[in-house]
Amino acid sequence: MSSARTITVELGDRSYPIVIGNGLLGGGFDLGPHLAGSDCLVVSNTTVAPLYLDSLMADLDGIAVESISLPDGESFKTIATATTVLDSLVHSRANRDTTVIALGGGVVGDIAGFAAACYMRGVAFIQVPTTLLAQVDSSVGGKTGVNHAEGKNLIGAFHQPRIVLIDIGTLGTLPDRELRAGLAEVIKYGAIADMTFFTWLEENMPALLGKDTDALAYAIQRSCEIKAEVVAADEREAGRRAILNFGHTFGHAIEHCQGYGEWLHGEAVAAGMLMAAELSDIGNTDLQRFRALIAAAGLPATPPAIGSKAMLHAMGMDKKVIQKQLRFVLLEELGRAMVTAEHDRSRLLQLLEAAD
Ligand code: NAD
Ligand code: GLY
């Protein structure tokens, strides 16, 4: 195990560490002090459990461990799957001092976290994310939930983990397409909050795509630092936290309209970020720069053909909608985002129609 670095999400008495290292799983990291009691339920899936469950179990020496393996895929991020996790907790006679541990990508993390938020009105929760996307985004910040037939992440709860344990080594088995999808959220942080990071990403994209450990460690660290700072300032998304949804109004609608799992979440977010950038007033030079970085990461720059009517209908279920009015995260400039209801309606329709 190489040396780990720690970032703290500052939330008063619910503050927690994000520990980032290479070889942490099975490397003797002591999760014990972060558990609520002496038993836990590990929630994973049929792809990740065969790869990493034994390593995690080895680090839970002396703890009574139950595990459940969910079917793999965004299409299973449903209330029915969350119910199977709750059933498992009930059948193992879990109590309030049981800890739920999510081992997997964002789908596993969102479902497991939601079950932990619901069981006995909330039990302790730990995130062990194994995709780049989950390591830089979904495991941090306490958003948990499942999809509904009418929209993405419509059913959920805020429930913060006690620790986020990020083993960069798990990315060794991650398919390249999933790595690229995670890079979409990494690029998001540069675009909304840190132009120096954006420039670093332009220079280091080949290293990231080549899974260079140092480059990945820095990208994950900087992404988590930005997310931790935003979440600490606005845990429940009363305002500023919504900037983390840059590109997601379009992205979620793409995922919903296509049917979950057709495009990966990160792919939909990449195309959605470019649509949001086009709706912003950032000038052609920066727009081309943004487009070039998305392309360098091997991500789609244009949305799939869906149709403006279906897209607008889906966007109406976005959680930023207030009094039936769409609100967008737009760029004031590349590197700085804002949330606004003001947008050029005809430009929006043009963008949606271009994808017809
Ligand atoms: P995912 O969980 O579906 O994982 C992608 C694929 O990689 C799956 O097939 C998974 O089994 C596999 N996998 C995971 N780790 C692996 C590994 N180390 N080696 C080999 N295969 C591995 O997708 P994701 O991109 O991690 O997460 C997307 C989900 O996260 C979406 O549902 C999205 O809505 C959600 N999300 C939530 C938040 C939040 O704040 N809660 C933020 C962003 C995204
Ligand atoms: N992924 C957006 C958020 O956590 O707020």
Side-chain angles (χ1 to χ4, degrees), residues 9 25 43-53 55-56 69-78 81 102-114 117 125 127-147 151-154 156-161 164 166-186 188-189 192 211 223-224 226-228 230-231 233-249 251-252 254-256 260-261 263-269 319-320 329 339:
V9 183
L25 276 184
V43 182
S44 191
N45 73 13
T46 50
T47 304
V48 178
L51 294 170
Y52 299 112
L53 183 58
S55 302
L56 178 61
S69 191
L70 305 178
D72 188 0
E74 182 75 35
S75 61
F76 294 102
K77 196 173 127 177
T78 59
T81 310
L103 173 69
V107 169
V108 164
D110 280 9
I111 298 169
F114 180 58
F125 175 47
Q127 287 268 22
V128 184
T130 61
T131 62
L132 180 61
L133 187 139
Q135 294 178 350
V136 299
D137 194 356
S138 62
S139 66
V140 175
K143 281 189 181 175
T144 72
V146 296
N147 302 325
K152 176 98 177 149
N153 297 336
L154 288 188
F158 286 98
H159 191 56
Q160 298 291 347
V164 180
I166 298 177
D167 184 349
I168 296 167
T170 60
L171 300 182
T173 53
L174 191 70
D176 288 346
R177 185 178 171 199
E178 298 291 349
L179 183 85
R180 290 195 294 271
L183 286 170
E185 301 281 10
V186 174
K188 175 188 78 178
Y189 292 111
I192 62 170
K211 294 189 179 172
S223 299
C224 287
I226 294 170
K227 181 145 190 187
V230 173
V231 168
D234 179 21
E235 182 186 5
R236 298 263 169 156
E237 202 167 295
R240 179 168 152 74
R241 180 167 177 169
I243 64 167
L244 297 174
N245 276 316
F246 177 55
H248 287 57
T249 305
H252 283 168
I254 291 170
E255 282 185 270
H256 173 71
Y260 298 113
W263 272 29
L264 301 179
H265 177 70
E267 293 168 345
V269 166
K319 288 185 281 308
K320 288 182 295 302
V329 182
V339 187

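Indexing begins at 1, ligand by ligand and atom by atom, following the structure's order. The structure presented is a predicted model; accordingly, all values stated were derived computationally and were not measured. These values consider heavy atoms only, across backbone and side chains, with no hydrogens, waters or symmetry-generated copies.
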Using a cut-off of under 3.5 Å, which N/O atoms of ligand 1 pair up with protein N/O atoms, and what distance separates each pair?
residue	atom	partner	partner atom	Å
ligand 1	2 (O)	Gly106	N	3.1
ligand 1	2 (O)	Val107	N	2.9
ligand 1	9 (O)	Asp72	OD1	3.1
ligand 1	9 (O)	Asp72	OD2	2.7
ligand 1	11 (O)	Asn45	ND2	3.0
ligand 1	11 (O)	Asp72	OD1	3.2
ligand 1	11 (O)	Asp72	OD2	2.8
ligand 1	15 (N)	Thr130	O	3.3
ligand 1	15 (N)	Thr130	OG1	2.7
ligand 1	18 (N)	Thr130	O	3.0
ligand 1	18 (N)	Thr170	O	2.9
ligand 1	18 (N)	Thr173	OG1	3.4
ligand 1	19 (N)	Thr173	O	3.3
ligand 1	19 (N)	Thr173	OG1	2.7
ligand 1	26 (O)	Gly106	N	2.8
ligand 1	26 (O)	Thr131	OG1	2.6
ligand 1	27 (O)	Gly106	N	3.2
ligand 1	32 (O)	Glu74	OE1	2.6
ligand 1	32 (O)	Glu74	OE2	3.1
ligand 1	32 (O)	Lys77	NZ	2.8
ligand 1	32 (O)	Lys152	NZ	3.2
ligand 1	34 (O)	Lys77	NZ	3.1
ligand 1	34 (O)	Lys152	NZ	2.8
ligand 1	41 (N)	Asp110	OD1	2.9
ligand 1	41 (N)	Lys143	O	2.8

Write out each pair where an N or O from ligand 2 and one from the protein are under 3.5 Å apart, with the distance.
residue	atom	partner	partner atom	Å
ligand 2	1 (N)	Asp137	OD1	3.1
ligand 2	4 (O)	Lys227	NZ	2.6
ligand 2	4 (O)	Arg241	NH2	2.7
ligand 2	5 (O)	Lys143	NZ	2.8
ligand 2	5 (O)	Arg241	NE	2.8
ligand 2	5 (O)	Arg241	NH2	3.3

TODO: Using side-chain hydrogen bond (donor to acceptor under 3.5 Å, both in side chains) as the criterion, point out the one residue from Lys152, Glu185, Glu255 that pairs with His248.
DONE: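 Among Lys152, Glu185, Glu255, the one that satisfies the side-chain hydrogen bond (donor to acceptor under 3.5 Å, both in side chains) with His248 is Glu185.
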- [ ] Kindly write out the residues that satisfy side-chain contact (heavy atoms from CB on, under 4.5 Å) with Asn153, not counting sequence neighbours, or none if the list is empty.
- [x] Lys77, Asp110, Asn147, His252, Lys319
Task: Qualifying residues under side-chain contact (heavy atoms from CB on, under 4.5 Å), relative to Ala233, sequence neighbours excluded - done: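 In terms of side-chain contact (heavy atoms from CB on, under 4.5 Å), with neighbours along the sequence ignored, Ala233 is linked to no residue.
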Evaluate the side-chain proximity of [Y] to [X]: yes if any heavy-atom separation is below 4.5 Å, no if none is.
X      : Y      : result
Leu264 : Glu178 : yes
Leu103 : Val43  : no
Leu25  : Thr170 : yes

Open item on the list: Is a donor from one side chain sitting under 3.5 angstrom from an acceptor on the other, for Thr173 and Tyr52?
Closed with: yes
- [ ] For the residue pair Asn45 and Ser69, confirm or rule out a side-chain donor-acceptor distance under 3.5 Å.
- [x]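 Ser69 and Asn45 do not have a side-chain donor-acceptor pair below 3.5 Å.
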Task: Electrostatic pair Glu237-Lys143, nearest N-O below 4.0 angstrom - done: yes
